[in-house]
S.K.: 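Have a look at this one.
Quantities reported herein were computed from a predicted structural model and do not represent experimental measurements.
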Amino acid sequence: MFQKIANILSIVSFVLVSSVIGGGYFGYKYVTSEQFQNKMMNKVLGGVSRMMPKVLDEGLPKMVQPSMDIPDGFGI
């Protein structure tokens, strides 16, 4: 009886380990594929392009100060 239980647990363990290794392999292949990279790039650029007009309108100052003069020989 114990031998049957041990054999069943051994088979179940083998199936679980094989599925984890297989899932990890195919997941890695998918994440490193060109198709996945293109999909993520399109999502990122789509989000950035929607945010940019708001950021540019709200974030840029109306007026800037002139640049500061640096004396000759300073730090050189």
S.K.: So, does Ser18 use its side chain to make a donor-acceptor pair with the main chain of Phe14 at under 3.5 Å?
M.R.: yes

S.K.: If every non-hydrogen atom of Phe36 is compared with every non-hydrogen atom of Tyr30, which pair is closest and at what distance?
M.R.: CB-O, 3.1 Å

S.K.: With the 4.5 Å side-chain cut-off for hydrophobic clustering, are Ile11 and Leu16 part of the same group?
M.R.: no

S.K.: If you measure from CE on Met41 to CD on Glu34, what distance do you get to the nearest 0.5 Å?
M.R.: 9.5 Å

S.K.: Can you tell me how far apart CG (Leu9) and NZ (Lys4) are? Round to the nearest 0.5 Å.
M.R.: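 Between Leu9 CG and Lys4 NZ, I get 14.0 Å after rounding to 0.5 Å.
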
